Amino acid sequence: MPELPEVETVRRGLTRLVVGRTIKSTEVRWDKTIGDMTPTVFNEELSGRQIIGVDRRGKYLLFRFSGGLTMVSHLRMEGAYYTVPAGTEPGKHDLVTFHLDQDIDLFYRDTRKFGRMNVVLNEQAMQVAGLAKIGPEPTEDDLTLAYMETEFGKSRMHVKPFLLDQSHIAGLGNIYVDETLWQSKIHPLTAANTLTTSELSELRSNIITELARATEHHGTTVHSFTTAFGEAGQFQNELQVYGRVGEPCLRCGTPLEKMKVAQRGTTYCPVCQIEK
DNA sequence: CAGTACGCCTGGTAGC
DNA sequence: TGCTACCAGGCGTACT
């Protein structure tokens with residue numbers, strides 16, 4: 001499931017492969033992917049526009065088009081972009097085709113059809129649902145300890161669903177939440193407002209470092225995620241808890257356990273991550 | 001307002 | 001083998 005490192009990897013791939021290209025036309029084979037817009041309007045809006053950049057905010061991709069339009073694209077669970085030679089027949093799960101100049105087609109594939117793309121004016125992009133209330137990027141400059149103390153202090157939510165909520169911190173998903181909670185020795189059911197300053201400081205630095213490291217490795221390959229280059233990320237080899245239920249904790253050797261927290265599978269060490 | 005349950009989807013797999 | 005049941009889960013929406 002693409003989280004921040006995977007989305008950033010896709011952004012870099014797209015920047016290399018399609019920035020500078022002009023859209024000749026589009027085809028949409030699953031209407032829900034483009035929200036309220038009809039395939040006809042989608043095609044009329046985008047045809048003739050040049051792709052002038054691809055930005056990212058949290059897990060959202062922001063395609064910048066000539067003429068002041070932005071396409072906000074969220075990959076959700078399995079969305080993926082890749083380029084093929086013009087004329088390539090789309091497969092069953094290729095939901096959208098962007099026919100580009102220079103005989104390139106950009107395909108959007110999404111097996112489970114959860115991903116969405118919304119075309120809006122540039123100035124409306126940050127009003128798109130999900131972006132309107134998005135929290136700070138998990139970087140040294142944007143995610144300050146002072147912010148975390150204030151934000152976590154306001155909520156009694158369990159820390160796991162708290163971290164998955166993009167309005168608190170942008171970019172974390174199930175994998176990196178499990179990883180960073182384990183690294184920080186914090187139990188997933190700990191109430192957000194009971195974390196001490198030193199625990200928050202540790203968590204903050206683990207989040208920032210982990211996402212940066214995963215990005216360097218081109219993200220984690222689970223299920224169907226591949227980069228826009230068609231290559232697999234390598235960070236799955238670095239994961240310390242996700243997908244390792246029953247295997248020994250890398251710190252204390254206790255078999256890792258799995259439980260449901262807010263309907264999500266959660267792997268943790270029952271000894272290292274002590275419940276308060 | 002804060003927090004929670006559900007629906008959206010399909011491929012893979014466990015169990016019979 | 002072929003069938004059913006269930007699981008994976010990010011996020012928007014509806015609800016408490």
Side-chain angles (χ1 to χ4, degrees), chain A residues 1-10 28-37 56-62 72-81 90-96 108-118 120 124-135 137-138 150-181 188-194 211 214 219-226 236 239 241-246 256-268:
Chain A
M1 51 237 63
E3 303 181 32
L4 189 152
E6 293 75 39
V7 178
E8 175 60 20
T9 300
V10 171
V28 177
R29 285 171 290 275
W30 184 263
D31 294 7
K32 284 187 180 179
T33 301
I34 56 170
D36 295 333
M37 204 173 264
R56 180 190 59 74
R57 182 72 172 85
K59 302 178 203 171
Y60 294 81
L61 289 166
L62 301 158
V72 179
S73 170
H74 198 299
L75 305 173
R76 297 285 183 94
M77 303 300 295
E78 300 191 2
Y81 286 100
K92 183 181 177 184
H93 302 299
D94 294 315
L95 308 183
V96 182
Y108 174 72
R109 178 184 61 209
D110 191 345
T111 307
R112 285 158 77 183
K113 302 188 169 84
F114 279 1
R116 294 292 179 265
M117 40 188 92
N118 293 286
V120 296
Q124 293 170 345
M126 292 308 292
Q127 264 59 253
V128 168
L131 282 175
K133 294 180 183 174
I134 197 163
E137 290 288 309
T150 306
E151 194 72 6
F152 282 64
K154 287 190 289 192
S155 174
R156 284 174 301 195
M157 267 176 87
H158 294 150
V159 67
K160 165 113 189 195
F162 185 89
L163 289 170
L164 288 172
D165 185 334
Q166 303 297 297
S167 72
H168 300 131
I169 300 174
L172 292 165
N174 207 41
I175 295 173
Y176 298 115
V177 167
D178 280 6
E179 293 297 310
T180 54
L181 285 178
L189 293 178
T190 309
N193 66 355
T194 63
L211 293 181
T220 296
T221 300
V222 286
H223 304 295
S224 61
F225 174 77
T226 53
Q236 64 277 13
L239 298 178
V241 280
Y242 185 88
R244 294 191 64 246
V245 62
L256 297 176
E257 293 183 6
K258 192 163 184 176
M259 65 174 173
K260 282 271 185 188
V261 179
Q263 358 256 55
R264 292 186 178 90
T266 301
T267 310
Y268 69 106

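Order of the sequence lines sets the chain letters (A, B, ...), proteins ahead of strands, with each chain counted from 1. All values derive from a computational prediction rather than experimental measurement.
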Rounded to whole Å, the CG-C1' distance (Asn174(A) to dA8(C)) equals 10 Å

Using distance alone, with no hydrogens and no angle criterion, decide if Ser73(A) and Tyr108(A) have a side-chain donor and acceptor under 3.5 Å apart.
no

task: Pick base, sugar-phosphate or nothing for Lys133(A), based on heavy-atom distances below 4.0 Å to the nucleic acid.
output: nothing

Under a 4.0 Å heavy-atom cutoff, the residues of residues 260-268 of chain A touching DNA chain B are Gln263(A)

With sequence neighbours left out, the residues meeting side-chain contact (heavy atoms from CB on, under 4.5 Å) with Lys32(A) are Trp30(A), Arg116(A)

inquiry  = Applying a 4.0 Å non-hydrogen cut-off, can you work out what Tyr60(A) is touching in the nucleic acid: base, sugar-phosphate, or nothing?
reply    = sugar-phosphate

Residues Arg76(A) and Pro2(A): closest non-hydrogen pair is O-CD, 3.1 Å

Here the distance between atom C1' of dC11(C) and atom CZ of Arg76(A), to the nearest Å, is 4 Å

Strictly distance-based, threshold 3.5 Å: is any side-chain N or O of Gln166(A) a donor or acceptor partner for the main-chain N or O of Leu164(A)? yes

To the nearest angstrom, the CG-C1' distance between Asp178(A) and dG9(C) comes to 12 Å

*asked:* Is the shortest side-chain heavy-atom distance between Tyr81(A) and Leu61(A) below 4.5 Å?
replied: yes

Arg29(A) meets the salt bridge (Lys or Arg N to Asp or Glu O under 4.0 Å) criterion, sequence neighbours left out, with Glu27(A)

Residue set satisfying side-chain hydrogen bond (donor to acceptor under 3.5 Å, both in side chains) with Thr180(A), at least two apart, ordered chain then number -> none

Leu4(A) CG to dC11(C) P, in whole Å, measures 11 Å

The side-chain contact (heavy atoms from CB on, under 4.5 Å) partners of Ala191(A) (sequence neighbours excluded) come to Asn193(A), Thr194(A)

Lys32(A) atom NZ is separated from dG10(C) atom P, nearest whole Å, by 20 Å

Would you call Leu131(A) and Val72(A) a side-chain contact if the rule is heavy atoms closer than 4.5 Å? yes

Lys133(A) meets the side-chain contact (heavy atoms from CB on, under 4.5 Å) criterion, sequence neighbours left out, with Ser167(A)

Glu78(A) CD to dC11(C) C1', in whole Å, measures 15 Å

So, does Tyr176(A) get its side chain near the phosphate of dG10(C), meaning an N or O under 4.0 Å from OP1 or OP2? no

At a 4.0 Å cut-off to heavy atoms of chain A, the contacted part of DNA chain B spans dG3(B) to dG11(B)

Between CZ of Phe114(A) and P of dT13(C) the distance, given in whole Å, is 15 Å

Heavy-atom nearest nucleotide on DNA chain B taken for Lys113(A) and for His168(A); more 5' hit belongs to His168(A)

Sequence neighbours excluded, the answer for side-chain contact (heavy atoms from CB on, under 4.5 Å) partners of Arg56(A) is Leu4(A), Val7(A), Glu8(A), Arg11(A), Glu137(A)

With a cut-off of less than 4.0 Å, is there a side-chain N or O of Tyr242(A) near OP1 or OP2 of dA8(C)? no

Flag the pair Tyr268(A) / Leu181(A) as yes when at least one side-chain heavy-atom distance between them is below 4.5 Å, and no otherwise.
no

As a check of understanding: the bend across the helix from dA2(B)-dT16(C) to dC16(B)-dG2(C), end axes from five pairs, rounded to 10 degrees, works out to 50°

May I ask you to say what Lys59(A) touches in the nucleic acid, namely base, sugar-phosphate or nothing, with a heavy-atom cut-off under 4.0 Å? sugar-phosphate

To the nearest angstrom, the CG-C1' distance between Leu164(A) and dA8(C) comes to 14 Å

Residues His158(A) and Leu189(A): closest non-hydrogen pair is CD2-O, 3.1 Å

Comparing His158(A) with Arg116(A), nearest DNA chain B nucleotide closer to 5' gives the residue His158(A)

Salt bridge (charged side-chain N to carboxylate O under 4.0 Å, His left out) pairs touching residues 161-180 of chain A, sequence neighbours excluded, are Lys160(A)-Asp178(A)

Lys258(A) meets the salt bridge (Lys or Arg N to Asp or Glu O under 4.0 Å) criterion, sequence neighbours left out, with none

Using a cut-off of under 3.5 Å, enumerate the N/O to N/O pairs linking the protein to nucleotides 14-16 of chain C.
none

